[in-house]
Structures are given as structure tokens and as C-alpha cells.
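The structure appears right after this line, and notes come after that.
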Amino acid sequence: MTPTIAVLLIITFLLSTVGLLLLIWSIANNQFSHGQQSARTIFSPGEEGIGEDPAEAPQRQKQELPDAEYRARHDADQSSRLATLSWLSSSVFWLLLGSAYGLLSSAKMHMPELLANSEFLTFGRVRPMHLNAVTYGWASMAGIAIALFLIPRLFKTRLAGGRFAVIGAVLWNIGLVLGLGAINLGLSDGKEWLEFPWQIDLLFVIGGALAAIPLLLTAKQRTVSHLYVTSWYFLAALVWFPFLFLIANLPYTFPGTSGATVNWWFAHNVLGLWVTPIGIGIAYYMIPKIMGRPIISYQLSLIGFWSLALFYSQVGIHHLVGGPIPTWLVTLSIVHSVMMSIPVITVAINHHGTMMGNFHRLKDSPTLRFVWIGALMYTVSSLQGSMEALRSVNVITHFTHYTVAHAHLGMYAFLSFILFGAVYFIMPRLMNWEWPWRRLIALHFWLVSIGILIYVVSLTIGGWKQGVELLTADTPFMDIVRMTLPYLEARTIGGSLMTAGHIVFAFHFVAMLLRKGRLQDQPTLFRNPAREVSQ
């Protein structure tokens, strides 16, 4: 056993031990004993049965929800306004920039001569700039922003220490500017997901820690005795990510093949222990809140959380099947990957079971449509990931475009769709203004939906065919490359539609910040709001 593997096993053991201790604490503090009643924690008295879809609550909700409860919720929302907007506005900017670099890198896959004379626009620089901009710029910053907004609602108190989060957003943005600039100049650490020079990484550590302070201070001042499952996901993500990020970025510690082990240990864990808890936590709040009904099994939701905490930390090593690491370590990772079907199934039962009998609401609600489709894609991508970890499948899919399709199914179709839906939910509550144009929301939805469908289907089919041909010894490599070109061109078409959707989304977001359009007291839905009121 190499020192690196020993360190990773120790770290994994510590993560699991911390999760186990928290589980023991939750049991000792009766977090499991409340049963289904705990699922109603997110509802104020008199609120259950009233869907909270619009930002400017319709007259029906204003009349039925007690004034004191309505004012308290509004006060909690406004307490997080500056902190939330500082992170959220930045995330939209990085989404646009990351999309531009992603589209360029996609085009270069089938047009390698495109802008080939510029050293700053080579594929080796453009692609990691896309990855880091959308991961640490869009996904991470939007996730933190939404957590800052939801925590006061979950704890039913004002956000405490919001100024720390604002300072954290400034440092995080500085880190992104310097980090992306360094990559563009060729100053990269050379490891996927860890390209930023370690000196710049310190800004993310400090900025993220400052963003976590308001969440912890607000948790301390909470007025609820039970922590709703969304709170568990958010707080766990804020503990896991700094731990993972610090270990993976230790300079001069993991050279050579040991660096590959640490690289994939981090790369997969940043998906499963950072962005996945954020996405699942948001869905666990948004779906029942909009429906006006609690999730169908609260204890099942806690089982899903703890099984994620206990099983996920070793999943990433399956990316090194056939690599220069011990076979038993890869087998351990495969077992953990298969065991991940437990939290996936529990989450699926709750998210989709809560929707049963109410799928017609997807016709009206932008937030519900985005969030539920994101939750559905979590189910699909996660079960696909467990299958992809199996050696018989991995030998075909690894090092192919199939893996790229799978990654976008998770990071985009799952996480970004949930983030889009959450933004449509929270922005009117922060701005006290409704979204100006429902057609832009519909346009955004169809552009990104059709775009990601073309993207994933084309690369999944092309990647599988590519993997099969790579296992055929007498097939020339360049023939395989030429075979993939139509699928790569389809990928660029899908990416173009997604980028167009992001432009529409960003334009509408800025219009909301400027409070464009006319004042209205009805929700901006996909269909005429008069239909929603009459139902």
C-alpha cells in the first residue's frame, strides 16, 4: 500500500466516522423520532395545502396565511437579500463566460483549426477554463446563494452575519479572475478540476469559509427544534467541500500516479459531496413547498442523506479501472458506486412520489418544471453512474465521449436545472417584483432542454460506438476519430442552444435586477396566471 492510498483511506475513514458521529448525535437529539411530522417543518401554521409558487403571493395565500407568519417569512427573505444577490449575480456572469468557452472547446473538437493561431485559445486552455468557470463560478456560487436564501426560511429566523458572505463573494470572484487568468496564461497545476495554482486556491478556502459563517450563525439562532433534511444537506456540503478542497490542493504532496488517485478522489467527491447535496437539498425544499404538501416519507429522506454520507467518499476511484493502482482499491470503489443506488432510490421515491397526482402543475410552474426535471435527471444520471462503474461497462465507456455525456447529465441536466428553477423562485421574493416576461422563461426552458437532450443523446451514442471500436484491434484510430465527427457536430449544436438559453436567462435576470416590466401581483407562469388563480 502506497502512502497516498493510506492517506486517502484514512481521510475516507475520518469522513465516514464524522458522518457516523453526526448520525449518533441526530438520534440522541431525537432528529429521527418526529416521524412524518418533521416533513411539515418547512410550513408555517396555516400554510400547508397552499402552494407557494409566486413571489408576490396571490390574494388567496395572503388571505389564508396569518399576517404574522407572512410578514416573518418576508422579513427572513429580505434579511438575505444582499448576501444572496452578491453570490447569485456573480454566478450568472460566470455562467455566460463558461458557456462561451465551452462552446468554443466543443467546436474545436471537430474544427481543430479554429483560432489555432492563438496560444490563449488552444483547446488545452479553453476547456479547463470552461470547466472551472461553470463549476466554481456558476454551480458553486449559485448553490451558495440559494443556500443563503433558504437557510433563514429553514430556521425561521433572519440571516445572521450576511456581511461575511458578501466579503466571501468578493474573494471568491477575485480567485476566479486570477485562476482563470492563470490557466489562460498556461499557469496550470495540470490536474482536472484542480487546475488553479494552489496559491490562488487559498482565496476560495477563505471565501467559502466566510460564506459558511452566516449559515452557522443562523443555525445557532434558529427558532425550530428540528433540522429539516435540506438543512442537513446544506450544512454537510459546507463541511465536506473545504475538507476535500484543502487535501486535494496540498502542494508537492501527491506526485506521479498518486496524484491521479487523489485527483479522481477529489473530482468525483466534489460532485457527490458538494454539488449533489446542494441540488438534492434545494429539491427537497422546492417540490413540497410549491405543491403545498410534505414529502411522502421523511424518515426515508434521512436514510438517503446518511447513506450518501457513508457510501460516496470512495466512488471516484472507479475512473482508474486498469490504472496503476491496486485492484482491490478499484473494487472497493465499484462496490461503493453500486451501493450509491440506495440514496438515489430513496431520494427518487420522495421527489417523484410527492409529485404523484400533481404532474399537471408542470404545465404552469417554471420553478416546479425545472426543479422536478432536475430531480428526475439526478435519478437517471446516478443510476447510470453506478452501472458505468462496473468493469464490463467501464471497459467500453472510459476514455470516450460517453463519459462527457454522463458528466453533463449530472452537472447540467440535474444540478443546473434545479438551480435555474430555484432562481425563478427566489428572485421575485428578493426584489419584490415579478419576472417581466413569461415567454422568456419558456424560451429559456426549451432552449436548454432541447440543447442538453441533443448533447447527451449524441455523445452517449457516439461515445459507446467509439468505445466498442477502440476495443477492436484492427480498426485504425483515425477511422474511429472520423466516425465520431457527426456526433461532435451534434454536440456543438446542442451546446449552441444551451448557450442561447443562458443568454436569455441572463438578460431576464438583469431585467429583474432593474425591475423592468410592469408591477403585477400575480405569478409569472408558463400559462396565463388567471388559470392558476381559478384552479
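- The closest side-chain heavy-atom distance from Leu97 to Leu180 is below 4.5 Å.
- No side-chain donor-acceptor contact under 3.5 Å links Ser188 and Arg125.
- Side chain of Arg222 to backbone of Ala219: a donor-acceptor contact under 3.5 angstrom is found.
- Judged by distance alone, the side chain of Gln466 and the main-chain N or O of Thr484 form no donor-acceptor pair under 3.5 Å.
- Aromatic ring pairs are classed by plane angle as parallel below 30°, tilted from 30° to 60° and perpendicular above 60°; the pair Tyr312 and His268 is tilted.
- A donor-acceptor pair is defined here as one N or O able to donate and one able to accept, closer than 3.5 Å; no such pair exists between the side chain of Tyr101 and the backbone of Leu131.
- Put simply, CE on Met377 and CH2 on Trp372 are 7.5 Å apart, with the number rounded to the nearest 0.5 Å.
- Between the side chain of Trp172 and the main chain of Tyr136, a donor-acceptor pair closer than 3.5 Å is present.
- Here the side chain of Thr253 pairs a donor or acceptor atom with the backbone of Pro251 at under 3.5 angstrom.
- The main-chain N or O of Gly102 is never found under 3.5 Å from a side-chain atom of Ser106 such that the two would form a donor-acceptor pair.
- A 4.5 Å side-chain heavy-atom check between Leu246 and Leu250 finds every atom pair outside the cut-off.
- The two residues Ala139 and Leu415 come nearest to each other via the heavy atoms CB-CD2, 3.6 Å.
- Side-chain contact check for Met427 versus Leu88: some heavy-atom pair is nearer than 4.5 Å.
- Put simply, the side chain of Tyr378 does not reach to within 4.5 Å of the side chain of His351, judged on heavy atoms.
- Considering all non-hydrogen atoms of both residues, Leu419 and Ala142 come closest at CD1-CB, 4.0 Å.
- Side-chain atoms of Trp138 and Ser416 form a donor-acceptor pair, as typed in the model, at a separation below 3.5 Å.
- Lys465 is listed as a side-chain neighbour of Tyr487, based on a closest heavy-atom distance under 4.5 Å.
- Side-chain atoms of His318 and Ser337 include a donor-acceptor pair closer than 3.5 Å.
- Closest approach of Thr492 to Leu103, counting heavy atoms only: O-CD1, 3.8 Å.
- A donor-acceptor distance shorter than 3.5 angstrom exists from the side chain of Ser140 to the backbone of Thr135, with no hydrogens or angles considered.
- The side chain to side chain donor-acceptor pair (under 3.5 Å) check on Thr346 picks up nothing, with sequence neighbours excluded.
- Side-chain contact between Ile396 and Leu471 is present, with heavy atoms from C-beta onward closer than 4.5 Å.
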Taking it one step at a time, do Leu244 and Val270 satisfy side-chain contact (heavy atoms from CB on, under 4.5 Å)? CA-CA 7 Å; Leu244 298 168; Val270 79; 5.5 Å; no
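- Side-chain contact annotation: Asn173 with Ser90, donor-acceptor N/O pair under 3.5 Å present.
- A side-chain donor-acceptor contact under 3.5 Å links Thr84 to the backbone of Ser80.
- In this structure, the side chain of Gln384 does not engage the main chain of Ser382 through any donor-acceptor pair within 3.5 Å.
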Would you list the atom pairs, donor with acceptor, under 3.5 Å between side chains in residues 320-327 and any protein atom, with sequence neighbours excluded?
none

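- Tyr412 has its side chain within reach of Met498: a pair of non-hydrogen atoms, C-beta onward, lies under 4.5 Å apart.
- Residues Trp274 and Trp240 are not in side-chain contact: their nearest non-hydrogen atoms beyond the backbone lie 4.5 Å or more apart.
- Between the side chains of His408 and Tyr455, at least one donor-acceptor pair of N or O atoms lies under 3.5 Å.
- Side-chain contact, His502 with Ser99: a donor N or O sits under 3.5 Å from an acceptor N or O.
- No donor-acceptor pair under 3.5 Å is formed between the side chain of Lys108 and the backbone N or O of Arg127.
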